[in-house]
Student: 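Before I ask anything, here is the structure I am working with.
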Amino acid sequence: MKYSLNVNGKSHTVEADPDMPLLYALRNDIGLNNPHFGCGLAQCGSCTVHLDGEPIRSCVTPVSAIGNGKVVTLAGLGTPEKPHPLQTAYVEEQALQCGYCINGWIMTAAAFLEKKKKPTEAEIKDALEGLKCRCGAHISILKAVKRAATMMG
Amino acid sequence: MTKIEKNSAFTRRSMLMGGGALVVSIGAGISLDTLLSMQSAYAQGAKPPLTPDQLSSYIAVNADGSISAFFGKMDMGQGLFVSIGQMVAEELDVPFKSVKVIMGDTGTSVNQGGASGSTGIQLGGKQMRMAAAEARRVLVEMASGLLSTPADQLTVNDGIVSTRNDASKKVSYAQMIGGKYFNVQLEWNKQIGNTLYAPGKAQPKKPSEYKIVGQPIKREDIAPKVFCQEDFCTDVKVPGMVHGRMIRPVIAGAVPVKIDENSIKDIPGAKVVWEKAFLGVVADKEWDAIRAAEKLKVEWSDAKPPFPEQAALYDHIRKAPVRKREIGGKEAGNVDEAFKTAARVVEAEYEWPFQSHACMGPACATVEIKNGEVTCWTGSQKPHFVQNGIALVLSIPVEKVRSIWVVGPGSYGRSDADDAAMDAAVMARAVGKPVRVQYMREQGTGWDPKGPASIHRARAAIDASGKMIAYEFTSKGFSRIDVNTNGGAPKDTLAGHFLGTELKSADGFGVPAESYEFDNKRMAWETIAPLLDRGSPLRGAHLRDPVGPQIHFASESFIDEVAAALNADPVEFRLRHVKDPRDIAVIKAAAEKAGWQTRPSPRKDQTGAKVSGRGMAYSQRNGTRCAIVAEVDIDRSTGKIWARKFTVAHDCGQIINPDGLLHTIEGNIVQGVSRTLWEEVKFDTKNVTSVDWISYPILDITETPQTVDCVFINRPEVAPSGAGEPSIRPIAAAIANAIFDATGVRIRRVPFSPDRVKAALA
């Protein structure tokens, strides 16, 4: 089947099995390496992208379910010239070790901070519950999200 | 700028030669002959062999004056390359930002052991420091000839050598050697790996002269990652590449006896790779490879389930014949006689489960075989050994294999990365195309080499006056080297096992690293045989601080138990017996910073469901000392523990980069809390059943410690030791001791999951 996907503001045509998760279309057909395969089970967050502004786990979302939705990956969130506050905060706080997990944290936090201004630390933790970071960068991640929240007012 | 240079994106020669011809404009009258003789002595256009005895194997001055530092270890996300850049820049007297550290490519660096045992700075940095110092010495000597000035009247600033009394008389490193190679022999000790050491004639700087070493410098690889400009090993793509997936037996030890290829005939391009017990599939598209691996009908041999029931694990360890026993540490007095005279004996036994690396993503490697030459892109933290392993499994000369490390999804020891590299090599040979293999989650957690399970027995003899007169500590467990610390040989990889090589389990464990002195003391370890002689998902291997957390959970819990039995304050009791001055310093520093109040544990002033406690633990690790005070909150009604605050006193000798050290310790603490509170590999008689993040839970952000408060004891005159692992070592005991302080209940089995804690407190 052919699918037309709107990713980071550009249209792409992908030929794929309807059940193929979006992750493989993004990584292999469109060439966006940034969402990562972590579990294929929606348990860790490494593959997180936005679909119409909502964080989804692209490892379990069939490509056939995207329709006309707008997909944004971490690469589409910001650039070095126009960074998203979370990207700036991540750099400032050195909020990763290996960095394989960052799609989950940054994309989930970005969607959360769009809706929730001036969140408490408990609210931030609740919003990010269930995401995995194996290196244990959690202390810096929390600092980075708090810093970004302040930047986003 | 200093950053990780992309290994695959350049050739060393093109980089070095980019600046064209040598140009020297020095004003002073110098003959062409002099210039040429200086160059032929120390510099050459042709590349010397990439061997440990060549200065060019570590340091190059590029045509633009920037420095390339070729490092045979690599950074696993703790910013090691920043520290190496600082050490090199310091010795060379060049700006920090002009040094690029290029890591982990067998085509550009010698085997310095890869990431290993927290030795990145301790051993790897030591070598890079000596190489950089030698490079500076040589360059100053060259400048001495060119400027007709004795070397001791020259000074170096930002890579420019000038005379002390006339700064206009100068020549730059780039002018002298930029774009060429050093032709300088080092005094190599003939070792490879961690112990490789090849100094030149130069002496490194005195710490009092440091300008760059000791400064907090941030990593510059964070921005490329958050802006998606840096690839992981999972992102490597090679023209003509196909995707591979491995198929593992349902019952560990079973081998495929029949394959129904018809079962995947509808999947485009899907092919089976089957050789002996090695089984996988490839397909042009990744999703098709995944589907084919799921759908392929395989008949397995009737293997006997190889494992005990999980509930019987520790009994199995207790009863298993001892394969090797070794006494470690400093033995004192006569322990057996002393126990006969004891007025009182305190005894305890502790248990630690198998644990998984459970890397953030399952391992991935890509292998291309082209014109008899093999290139492997791997996340393995020991790519130089992967080179050897692939050469052996493919039966080709090692010089025909290039292994290139590309950052992987986390690495904390001998993980599944080395297995994936070997699998990809076997698959690439079988299908005649480049193959990218990535494991699935259940393989990443279920089939990675495991941190070994163990039991630990301790006893203390107390005399009539209440003095501890004898101490005996014995660990018994699976070996930490059923498979070696690297994938350097088929016997150490799953591919090797499945192709017919037996596991050759070696014996490795350890004893507590501390400086307690008692009149009578004996510490020993005992190993037992692995549960399966090949292809085991429970093969023991190095997992961050190999067997350190196990041993020190037990030993530092036990010291606390003795203190409690003697109604002594846990810090005060430690200080009675710890003799090493640096150990004493970290214990005192942690206690003071944490506001430790002297009193015995447990505290007796709390009622209700929610209670709090504090606990201390300390240990050494290869020269580094670390003492930790944990403050934990416990909900007795749920068994849930929040390890709320850690105060960490850390002495690793000379500190190279305090910023990197802080983040390294924070990572150790969080991962250590995770391993203590949650992590246990589950299995049944047939196989490992921990196969995802539900069946192998780790710490969640909601459980992150609120505070990690660090005291760094910097000792600039003491050679730097490691920081990658020492602070994960005492965490479990610090938490256990805090739980005891809060509740009066001693938990002697990890993990302290809510159900277990609740049961213990009931």
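Each chain gets a letter, A, B and so on, in the order the sequences are listed, and its residues count up from 1. The structure displayed is predicted, hence computed values, not measured ones.
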Student: Identify the two heavy atoms, one from B/H663 and one from A/Q97, that lie closest to each other, and give their separation to 0.1 Å.
Tutor: O-NE2, 3.2 Å

Student: By a 4.5 Å heavy-atom criterion (distance strictly below it), what part of B/E679 contacts chain A: side chain, backbone, both, or neither?
Tutor: side chain

Student: Contact part of B/I701 toward chain A, heavy-atom cut-off under 4.5 Å: side chain, backbone, both or neither?
Tutor: both

Student: Any idea which heavy atoms bring A/N34 and B/C228 closest together, and the distance?
Tutor: CB-SG, 3.1 Å

Student: Would you check if the side chain of A/N33 reaches a backbone N or O of B/D231 as a donor-acceptor pair within less than 3.5 Å?
Tutor: no

Student: Kindly compute the distance separating CG (A/N28) from NZ (B/K285), expressed to the nearest 0.5 Å.
Tutor: 8.0 Å

Student: Heavy-atom pairs under 4.5 Å with chain A: which of B/T664, B/V673, B/T234 has the most?
Tutor: B/T234

Student: May I ask you to decide if the ring planes of B/F232 and A/Y100 are parallel, tilted or perpendicular, using 30° and 60° as cut-offs?
Tutor: perpendicular

Student: I'd like to know if the side chain of B/R441 and the backbone of A/G38 have a donor-acceptor N/O pair within less than 3.5 Å.
Tutor: yes

Student: Against chain A, label B/C364 side chain, backbone, both or neither, depending on which of its atoms sit under 4.5 Å from a heavy atom there.
Tutor: neither

Student: Tell me, side chain or backbone of A/H36 under 4.5 Å from chain B's heavy atoms, or both, or neither?
Tutor: side chain

Student: Considering only heavy atoms, which portion of B/T704 lies under 4.5 Å from any heavy atom of chain A: side chain, backbone, both, or neither?
Tutor: both

Student: What distance separates A/K132 NZ from B/C359 SG, expressed to the nearest 0.5 Å?
Tutor: 15.0 Å

Student: Counting only heavy atoms not in A/K2, do more than 12 fall under 6.0 Å of its NZ?
Tutor: no

Student: Taking all non-hydrogen atoms of both residues, which atom of B/V226 and which atom of A/V91 are closest, and how far apart?
Tutor: CG2-CG2, 3.9 Å

Student: When heavy-atom pairs shorter than 4.5 Å are enumerated against chain B, which of A/P80, A/A137, A/C135 gives the highest number?
Tutor: A/P80

Student: What's the spacing between B/D288 CG and A/D17 CG if we round to 0.5 Å?
Tutor: 7.0 Å

Student: What is the minimum heavy-atom distance between B/I694 and A/Q43, and which atoms define it?
Tutor: CG1-NE2, 3.2 Å

Student: Please identify, among A/P83, A/A16, A/S46, A/P21, the residue contributing the most non-hydrogen atom pairs under 4.5 Å to chain B.
Tutor: A/P21

Student: Is it the side chain or the backbone of A/E81 that comes within 4.5 Å of chain B heavy atoms, both, or neither?
Tutor: neither

Student: Can you tell me which of B/W693, B/Y439, B/W287 forms the most heavy-atom pairs within a distance under 4.5 Å of chain A?
Tutor: B/W287

Student: Does any heavy atom of chain B fall under 4.5 Å from the side chain of A/L96, the backbone, both, or neither of them?
Tutor: both

Student: Select one option (side chain, backbone, both, neither) describing which atoms of B/E703 are under 4.5 Å from chain A's heavy atoms.
Tutor: neither

Student: Pick one of side chain, backbone, both or neither for B/D659, based on which atoms fall under 4.5 Å of a heavy atom in chain A.
Tutor: side chain

Student: Any chance you could measure B/S411, atom OG, to A/R134, atom CZ, to the nearest 0.5 Å?
Tutor: 11.5 Å

Student: Evaluate whether atom NZ of A/K70 has more than 12 neighbouring non-hydrogen atoms of other residues, nucleotides or ligands under 6.0 angstrom away.
Tutor: no

Student: Between B/V407, B/V708, B/D692, which residue shows the highest count of heavy-atom pairs closer than 4.5 Å to chain A?
Tutor: B/D692

Student: Nearest 0.5 Å please: distance from the CZ atom of B/R291 over to the CE atom of A/M20.
Tutor: 10.0 Å

Student: Among B/G79, B/A358, B/G408, single out the residue with the greatest number of heavy-atom pairs under 4.5 Å to chain A.
Tutor: B/A358

Student: Tell me, out of B/D235, B/V670, B/I222, B/I698, who's got the most heavy-atom pairs with chain A below 4.5 Å.
Tutor: B/D235

Student: Is it the case that more than 12 heavy atoms not belonging to B/K295 sit under 6.0 Å from its NZ atom?
Tutor: no

Student: Would you check if B/Q706 and A/L142 make a side-chain contact, meaning some heavy-atom pair closer than 4.5 Å?
Tutor: no

Student: Picking from B/R544, B/M440, B/M76, B/E666, which has the most non-hydrogen pairs under 4.5 angstrom with chain A?
Tutor: B/E666

Student: When only pairs under 4.5 Å are counted, which of A/Q94, A/Q87, A/E129 shares the most heavy-atom pairs with chain B?
Tutor: A/Q94

Student: How far apart are the closest heavy atoms of A/C98 and B/P409, and which atoms are they?
Tutor: SG-C, 3.8 Å

Student: What's the shortest heavy-atom distance between B/P705 and A/I139, and which atoms?
Tutor: O-CG1, 4.2 Å

Student: Go through A/N103, A/L77, A/D19 and name the one with the most non-hydrogen pairs under 4.5 angstrom from chain B.
Tutor: A/D19

Student: Counting only non-hydrogen atoms closer than 4.5 Å, does A/Y90 touch chain B with its backbone (N, CA, C, O), its side chain (CB onward), both, or neither?
Tutor: both

Student: How long is the straight-line distance from CE of B/M360 back to SG of A/C44, given to the nearest 0.5 Å?
Tutor: 4.0 Å

Student: Side chains of B/E286 and A/F37: closer than 4.5 Å at any heavy-atom pair?
Tutor: no

Student: Under 4.5 Å heavy-atom distance to chain A, tell me which part of B/H243 shows up: side chain, backbone, both or neither.
Tutor: side chain

Student: Select one option (side chain, backbone, both, neither) describing which atoms of B/I290 are under 4.5 Å from chain A's heavy atoms.
Tutor: side chain

Student: If I measure from the heavy atoms of chain B, does A/L41 come under 4.5 Å with its side chain, its backbone, both, or neither?
Tutor: side chain

